[in-house]
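Basis for what follows: all heavy atoms, side chains included, without hydrogens, waters or symmetry-related copies. First the proteins, then the strands, lettered A, B, ... as listed; each starts at 1.
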There are 2 protein chains.
Amino acid sequence: MSVTDQPRRRDAAATREAILRAAIEAFTRAGYDGAGVREVAAAAGVTAMLVNRYFGSKEQLFAEAVDRSFAAPTVVGADPAALPAQLAAALVARTDPASEPLNPYLLMLRSAGNPRAAEIMREAIGRHVGRRLTGLLTGPDAGERAELVLSVIAGVWLMRDVLATPALTGADPGRLKEHLSGVIQALSRPSPDPA
Amino acid sequence: MSVTDQPRRRDAAATREAILRAAIEAFTRAGYDGAGVREVAAAAGVTAMLVNRYFGSKEQLFAEAVDRSFAAPTVVGADPAALPAQLAAALVARTDPASEPLNPYLLMLRSAGNPRAAEIMREAIGRHVGRRLTGLLTGPDAGERAELVLSVIAGVWLMRDVLATPALTGADPGRLKEHLSGVIQALSRPSPDPA
DNA sequence: GTCTATAGAAAGATAGAC
DNA sequence: GTCTATCTTTCTATAGAC
């Protein structure tokens, strides 16, 4: 049997990568508490022992999975001027229950119940998506408006995809996009109109 | 020993009520997966067996806890005209990490990772807060705008209280209220301005 | 009406062989 | 580099005594 006979047999880096991918999938689908180390191991084609060998513990595995998942942009583009319309459209498309099930917001919402997972995710938000979005906004309170935009994204993802409430899953996508575009626009301005 | 010697000894209704109160507290603090039947029982001063005797299973106990928790209004008032400012003020006050830790949104956010819990909560939202808020809004798409408002509430609660991100916990409450008031206002109108 | 005791399953983590 | 086997804990749920 050659070394290329089986995928990544006796290849530490490839095995580690396979475990990490399986972990992202499992944590996104079932959350921190709902995903087991055995389950991740089986999906990666290894035993549970190897997971702890490479990552130390379930908690550290989760931390790496979160960091990887949060590193790439999801619904926020690069153009500040087009932000409201573009973000609203992407949000409506990706929160459809039939959409791609692998994204950082599902991972976040399904793991938020665990206190340790919440800490890990708070730090990852500050390092990745929070920083990215803050850079797109202008004004003195850009940081807090950026996190309010994140709140809206997470909230819509919760109601429309995780809880799947009828009024949002059945809503017309175009009208939904209009409403959300208005919301994001209200948060793009540095100072709101004081009533 | 008289029958009033100890609180609710041999009083089925009072014992049941004590268990339900303890369950709401535990599920709100730790979520569906994080709260154990033993823990609930101990807080109510009974054994774990009684919990299942009165409620059948952990899942049914959770269903009753959710229904009770979602039944009363939290941040949405009775006056439609004052909705944006009043809701924004209440939301900022109650999502402060030092605020009262017993509310339906924390219960919801910390339990959303469990699929069965998500179903139970979806139904409770339709029965209680979704119906209440829909009644306050006018226009043909009131139902979907009501759930968008709920999305904003839940999202802010997640970021500011559950995850406790620095930019939101450290933000000036007055300015936060202004921003959120603008967001709610954008969702109060039946049809948004098309770009 | 409430208890003790326990069944039965599943979790995270580790020891030690090859 | 990866395995089998197991330790220890924790969970929900139930049987049966008083």
Side-chain angles (χ1 to χ4, degrees), chain A residues 1-23 26-27 29-65 110-111 113-117 120, chain B residues 1-23 26-27 29-65 110-111 113-117 120:
Chain A
M1 310 174 192
S2 73
V3 286
T4 56
D5 201 31
Q6 294 273 341
R8 70 155 198 297
R9 269 192 78 175
R10 305 259 152 181
D11 180 339
T15 298
R16 211 191 119 97
E17 177 67 18
I19 293 172
L20 186 55
R21 285 177 191 273
F27 285 134
R29 178 173 36 77
Y32 182 82
D33 286 335
V37 174
R38 281 175 171 78
E39 172 190 356
V40 171
V46 298
T47 64
M49 193 245 135
L50 267 202
V51 176
N52 279 333
R53 178 145 178 79
Y54 281 126
F55 294 90
S57 68
K58 178 183 179 178
E59 187 178 306
Q60 290 174 263
L61 172 65
F62 180 75
E64 283 212 39
R110 295 203 168 116
S111 303
N114 186 285
R116 192 68 194 98
I120 291 169
Chain B
M1 310 175 192
S2 73
V3 286
T4 57
D5 202 29
Q6 295 270 344
R8 67 153 201 297
R9 270 191 79 174
R10 307 257 153 182
D11 181 338
T15 298
R16 210 191 120 98
E17 176 67 18
I19 293 172
L20 186 55
R21 284 177 191 273
F27 285 134
R29 178 174 36 77
Y32 182 82
D33 286 336
V37 174
R38 280 174 172 77
E39 173 189 356
V40 170
V46 298
T47 65
M49 192 247 135
L50 267 201
V51 176
N52 278 334
R53 178 143 176 81
Y54 280 126
F55 294 89
S57 69
K58 179 183 180 178
E59 187 178 305
Q60 291 175 261
L61 172 66
F62 180 75
E64 282 211 38
R110 295 202 167 115
S111 303
N114 186 286
R116 193 65 194 101
I120 290 169

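Between B:K58 and B:A35, the shortest heavy-atom distance links the atoms NZ-O, 2.9 Å.
Residues A:R116 and A:F62 are not in side-chain contact: their nearest non-hydrogen atoms beyond the backbone lie 4.5 Å or more apart. B:R110 has its side chain out of reach of B:Y32: every pair of non-hydrogen atoms, C-beta onward, lies at least 4.5 Å apart. Considering only heavy atoms from C-beta on, B:I19 comes within 4.5 Å of B:L61 through its side chain.
Applying the salt bridge (charged side-chain N to carboxylate O under 4.0 Å, His left out) rule to A:R38 yields no partners; only residues at least two apart in sequence or on another chain are considered. With sequence neighbours excluded, the residues that form a salt bridge (charged side-chain N to carboxylate O under 4.0 Å, His left out) with B:E17 are B:R21, B:R68. With sequence neighbours excluded, the residues that form a side chain to side chain donor-acceptor pair (under 3.5 Å) with B:D33 are B:N114.
Within 4.0 Å (heavy atoms only), B:F55 reaches no atom of the nucleic acid at all.
For residues 47-56 of chain B, no pair satisfies salt bridge (Lys or Arg N to Asp or Glu O under 4.0 Å), with sequence neighbours left out.
One can place CG of B:D11 at 8 Å from P of C:dT2, the figure rounded to the nearest angstrom. Atom-to-atom, CG of B:L61 to P of D:dC11 comes out at 15 Å; the value is rounded to the nearest Å.
For B:T47 and C:dT2, the shortest distance from a side-chain N or O to OP1 or OP2 is not below 4.0 Å. Applying the 4.0 Å criterion to OP1 and OP2 of D:dG1, one finds that A:T15 has every side-chain N and O outside that range.
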Give me the distances for all protein-to-nucleotides 10-14 of chain C N/O pairs that come in under 3.5 Å?
from	atom 1	to	atom 2	distance (Å)
C:dG12	OP1	A:K58	NZ	2.8
C:dG12	OP2	A:V37	N	3.0
C:dG12	N7	A:R38	NH1	2.9
C:dG12	O6	A:R38	NH2	3.0
C:dA13	OP2	A:N52	OD1	3.4
C:dA13	OP2	A:K58	N	3.0

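Note on the helix from C:dG1-D:dC18 to C:dC18-D:dG1: angle between the axes of the first and last five pairs equals 10°, rounded to 10 degrees.
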